[in-house]
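Below, each value reflects all heavy atoms present in this structure, side chains not excepted, and no hydrogens, waters or symmetry copies. Chain A is the first sequence line, chain B the second, and so forth, proteins listed ahead of strands; every chain is numbered from 1.
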Amino acid sequence: MERTLAKEARQKTGRRVRLCGWVHRLRDLGNLTFLMLRDRSGLIQVVLEGKDHPELRQETVVQVEGKVVASDKAPDGVEIQAAKVEVLSAVEYDYLPLAVNSGVIKEGLDTILNHRVLSLRNPLVHGIFLVQQEIVRAFREFFRNRGFTEIHTPKIVAEGAEGGAEMFPVKYFKRRAYLAQSPQFYKQMMVAAGYERVFEVGHAYRAELHNTKRHLNEYISLDVEMGFIQDEHDLMAIENEFLRYLFTVLPERCGEEFAKYGVELTDPGAIPELTVGEAQALLKKEYGKSLAGGNIDAEAEKLLGRYIKAKTGSDFLFLTAFPVAKRPVYAMPMADEPALTKSFDLLYKGLEITTGGQRIHSHRMLYEKMVAFGLNPEDFGFYLDTFKYGVPPHGGFAIGCERLTMQLLNLANIREASLFPRDMERVTP
RNA sequence: GGAGCUGUAGUGUAGCCGGUUUAACAUGCCAGCCUGUCACGCUGGAGAUCGCGGGUUCGAGUCCCGUCAGCUCCGCCA
């Protein structure tokens, strides 16, 4: 008999089916036992009559055969009257280290992460990665539909995009290499290679000594780079469009998950913008907070997020016109204001989820910038050489996938949005 | 790199200005009863050398030092 998923049982009411899954919960009433069966599609109630069952415990892997019956007394109006229950795989634990079947997560983050396979079985935790999957899927769909090519760039690299201090060194045969902190150089090179528009879903590695609820040392970067732009506003426009698409598609594809997290997604509309200068003036005026040249710290991000939400109703805010000193060497300076760059950040609920901007496409300008930044152009040979052969005006941005997931679901810690987070202390599981 | 906080059954917490219990509560676990549960209920039971090491003291889960682990924040960033 073909396997039926919990979700599909309803369509087979009156028929005999075979279901497979885990014992989510047992309610033993003596001569009657209710078994909640969990599979990848969800939960369904199985009714076992009599006392004669195989040894069932929570999380035992079982196969059930029985008739699908519609019943007002069943949790979802449908249940399985079991004729046969078979243990496919027994459990051997003394205690479950965490509650797989609770509606709320009471365990601490450490317990959740140490027992990741079990915590991911909890439907609430499970849902986080269904949402994340849909974010990535929507990202791919959206950009493919606009003529972007999906690329895969190396994660073992020779030099960093912003220096070398925050990179993980790798012993690479007889020399030293690093884990890529960003696909920056390579995605620009793919624009130059004639693909014009590229995107990548890939890991980025940061050896920063940070230990906060919004930082990981390994994270998924949703990268975009496109050629033949007018300026950074083209990039902001397409990111804005992507977010509107995402917010349309997510409720359709994982509305249940958002409901569980009590989140309602509404069209972000046109995202408001402030220059860094305007934002600083506003922070000074509204909150008496002064910041050093071009700096927007974490507290400022939160305040701006709150302010914009109150003023415009938007959860998003673009910050633009960052000073040269606050941006990497490849950031395009403004023609009429060379101390500022054509770059932007995107805040979502008071947290930076994107950095982007127009890049320098002139070989000479880039070379001179590197010298001005105290970098040795020879260290960037293959990247710098690219610009000798005709690179269109271009730019791009990157979205932190875990950060977006976290903010969408209002998670308290970014580690919850990573299957197996890597932070300063954690390399296992 | 800097700063602060926490560590008590499987899990989540209480107890913490030294002595009142055999360290409490919830949940989970085990056993028994129950044919409509849905966080099932009821009865009974097991489960903690209070992270580890040292010190102060007549006496330490409680105070001090060290150590390990975790969390949070700053800088930096997605």
Subject >> Of the listed nucleotides B/G75, B/U35, B/G12, the one nearest the side chain of A/K106 >> reply: B/G12
**OP:** Could you work out which one of B/G36, B/U37, B/A78 sits closest to the side chain of A/E79?
**Re:** B/G36
Do the side-chain N or O atoms of [X] get closer than 4.0 angstrom to the phosphate oxygens (OP1, OP2) of [N]?
{"X": "A/S102", "N": "B/A39", "value": "no"}
{"X": "A/Q58", "N": "B/C29", "value": "yes"}
{"X": "A/R57", "N": "B/G28", "value": "no"}
{"X": "A/K213", "N": "B/C71", "value": "no"}
{"X": "A/R214", "N": "B/C74", "value": "yes"}
{"X": "A/K326", "N": "B/C76", "value": "yes"}
{"X": "A/N211", "N": "B/G1", "value": "no"}
{"X": "A/T355", "N": "B/A78", "value": "yes"}

Could you give the distance separating [M] and [N] at their [atom1] atoms, to the nearest angstrom?
{"N": "B/C71", "M": "B/A78", "atom1": "P", "result": "23 Å"}
{"N": "B/C50", "M": "B/C16", "atom1": "C1'", "result": "11 Å"}
{"N": "B/G18", "M": "B/U62", "atom1": "C1'", "result": "6 Å"}
{"N": "B/A46", "M": "B/C25", "atom1": "P", "result": "13 Å"}

Separation of atom [atom1] in [X] from atom [atom2] in [N], rounded to whole Å:
{"X": "A/N101", "N": "B/U37", "atom1": "CG", "atom2": "C1'", "value": "14 Å"}
{"X": "A/E425", "N": "B/U72", "atom1": "CD", "atom2": "P", "value": "12 Å"}
{"X": "A/D94", "N": "B/A9", "atom1": "CG", "atom2": "P", "value": "16 Å"}
{"X": "A/F322", "N": "B/A78", "atom1": "CZ", "atom2": "P", "value": "10 Å"}
{"X": "A/Y95", "N": "B/A9", "atom1": "OH", "atom2": "C1'", "value": "8 Å"}
{"X": "A/N217", "N": "B/G1", "atom1": "CG", "atom2": "P", "value": "13 Å"}
{"X": "A/E107", "N": "B/U27", "atom1": "CD", "atom2": "C1'", "value": "10 Å"}
{"X": "A/D223", "N": "B/C77", "atom1": "CG", "atom2": "C1'", "value": "14 Å"}

**OP:** Search all heavy atoms of A/M370 against all heavy atoms of A/P377 and return the closest pair with its distance.
**Re:** SD-CA, 4.0 Å
Original post:
Between A/L32 and A/E49, which heavy-atom pair has the shortest distance, and what is it?
Top reply: CD1-CG, 4.2 Å
Give [X] one of three labels, base, sugar-phosphate or nothing, depending on what nucleic acid heavy atoms sit under 4.0 Å from its own.
{"X": "A/E55", "value": "nothing"}
{"X": "A/T111", "value": "sugar-phosphate"}
{"X": "A/P75", "value": "base"}
{"X": "A/D28", "value": "base"}
{"X": "A/N31", "value": "base"}
{"X": "A/E402", "value": "nothing"}
{"X": "A/I353", "value": "sugar-phosphate"}
{"X": "A/G108", "value": "sugar-phosphate"}
{"X": "A/A74", "value": "base"}
{"X": "A/L216", "value": "base"}

**OP:** Give me the ring orientation class for A/F143 and A/F199: parallel if the planes are under 30° apart, tilted from 30 to 60°, perpendicular past 60°.
**Re:** tilted
Original post:
Is the ring centre of A/Y330 less than 6.0 Å from the ring centre of A/F373?
Top reply: no
Could you verify whether a donor N or O on one side chain and an acceptor N or O on the other, from [X] and [Y], lie under 3.5 Å apart?
{"X": "A/R403", "Y": "A/Y219", "value": "no"}
{"X": "A/S418", "Y": "A/E402", "value": "no"}
{"X": "A/E200", "Y": "A/T153", "value": "yes"}
{"X": "A/E141", "Y": "A/Y245", "value": "yes"}

Subject >> Stacking of A/Y219 on B/A78 base (centres under 5.5 Å, planes under 30°) >> reply: yes
Can a donor-acceptor pair under 3.5 Å be found between the side-chain atoms of [X] and the base atoms of [N]?
{"X": "A/H215", "N": "B/C76", "result": "yes"}
{"X": "A/E208", "N": "B/G1", "result": "no"}
{"X": "A/R415", "N": "B/C71", "result": "no"}

Original post:
Nearest nucleotide by nearest heavy atom, which residue falls closer to the 5' end of RNA chain B, A/T212 or A/C401?
Top reply: A/T212
